[in-house]
Amino acid sequence: MSFDEKCYQLLQRVPKGRVTTYKELAEAVGIRAYRAVGQAMNRNPRLIKVPCHRVVCKNGEIGGYALGVKKKIELLQSEGVEIKGDRVVGMDGILYRFSSQ
DNA sequence: CGCAGTCTAGCAC
DNA sequence: GTGCTAGACTGCG
């Protein structure tokens with residue numbers, strides 16, 4: 001399985017209404033290059049299958065999105081995630097940790 | 001706020 | 001095929 005495939009698989013593990021960080025995702029994949037994860041997300045070859053919008057910065061900021069940060073916010077809000085400005089509200093509570101499993 | 005660390009993909013030679 | 005650059009980040013000074 002390729003690096004990107006692992007990222008997508010783990011990302012799909014994140015339940016609706018929850019979010020994760022590039023760091024957590026990278027750690028789950030087995031690397032420490034959070035940026036590489038973002039790269040795979042940005043390429044987004046499986047946008048329909050991979051909820052890249054559930055990946056946010058550690059500080060709660062949206063970070064970025066292939067279709068635009070605004071779109072990402074709307075998608076997250078549609079899933080029940082509260083967004084204030086360009087940051088996730090209470091992201092510390094909805095943050096999904098792969099380590100929990 | 002700015003620099004460095006770490007990984008993958010893409011372009012150039 | 002190998003080398004360099006850039007990028008949806010994070011942490012420390």
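To find a chain, count down the sequence lines: A is the first, B the second, and so on, and within it residues start at 1.
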Could you state the [atom1]-[atom2] distance from [X] to [N], rounded to the nearest angstrom?
X       : N      : atom1 : atom2 : answer
A:Asn44 : C:dG7  : CG    : C1'   : 15 Å
A:Lys23 : C:dG7  : NZ    : P     : 22 Å
A:Asn42 : C:dT5  : CG    : C1'   : 16 Å
A:Lys71 : C:dA8  : NZ    : C1'   : 18 Å
A:Asn59 : C:dC12 : CG    : C1'   : 15 Å
A:Leu47 : C:dA8  : CG    : P     : 16 Å
A:Glu27 : C:dC9  : CD    : C1'   : 12 Å
A:Met41 : C:dA6  : CE    : P     : 23 Å

(request) For A:Arg43 and for A:Ala36, locate the closest nucleotide of DNA chain B by heavy-atom distance; then report the residue assigned to the nucleotide nearer the 5' terminus. (result)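 Final value for this comparison: A:Ala36.
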
(message) Go nucleotide by nucleotide along DNA chain B from the 5' end; which of A:Arg35 and A:Asp4 gets its closest nucleotide reached first?
(response)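 Nearest-nucleotide comparison on DNA chain B picks A:Arg35.
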
Is the side chain of [X] donor-acceptor paired with the backbone N or O of [Y] at a distance under 3.5 Å, no angle test?
X       : Y       : answer
A:Arg54 : A:Val14 : yes
A:Lys58 : A:Thr21 : no
A:Ser2  : A:Glu5  : no

(message) Please name the nucleotide paired to C:dA8 by Watson-Crick or G-U wobble geometry with both distances under 3.5 Å, or report none.
(response)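 Pairing partner, where one exists within any strand: none, as none qualifies.
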
(request) Indicate whether OP1 or OP2 belonging to C:dG11 is found under 4.0 Å from a side-chain N or O atom of A:Lys58. (result)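 So the side-chain polar atoms of A:Lys58 do come within 4.0 Å of the phosphate oxygens OP1 or OP2 of C:dG11, strictly under.
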
(request) Among B:dG5, B:dC7, C:dA8, find the nucleotide with the atom closest to the side chain of A:Cys52. (result)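 Within the option list, the nearest is C:dA8.
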
(request) Could you please name the option among C:dT10, B:dT6, C:dA8 that lies closest to any side-chain atom of A:Ala66? (result)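 Nearest to the side-chain atoms of A:Ala66, counting from C-beta on, is C:dA8.
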
(message) Between C:dA8 and A:Tyr65, counting only base atoms on the nucleotide and side-chain atoms on the residue, is there a donor-acceptor pair under 3.5 Å?
(response)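 No, the side chain and the base share no sub-3.5 Å donor-acceptor pair.
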
(message) Taking donor-acceptor contacts at under 3.5 Å, does the side chain of A:Arg32 reach the base of B:dG5?
(response)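 Such a pair does not exist between side chain and base.
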
(request) Indicate, with yes or no, if A:Tyr22 and A:Val69 share a hydrophobic cluster defined by side-chain heavy-atom contacts under 4.5 Å among Ile, Leu, Val, Met, Phe, Trp and Tyr. (result)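 Shared cluster, no.
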
(message) Check this for me: does any side-chain nitrogen of one of A:Glu79 and A:Arg18 sit under 4.0 Å from a carboxylate oxygen of the other?
(response)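 So A:Glu79 does not pair with A:Arg18 through a salt bridge.
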
(request) Name the nucleic acid region contacted by A:Tyr22, choosing base, sugar-phosphate or nothing; use a 4.0 angstrom heavy-atom cut-off, strictly under. (result)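 Touches a base.
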
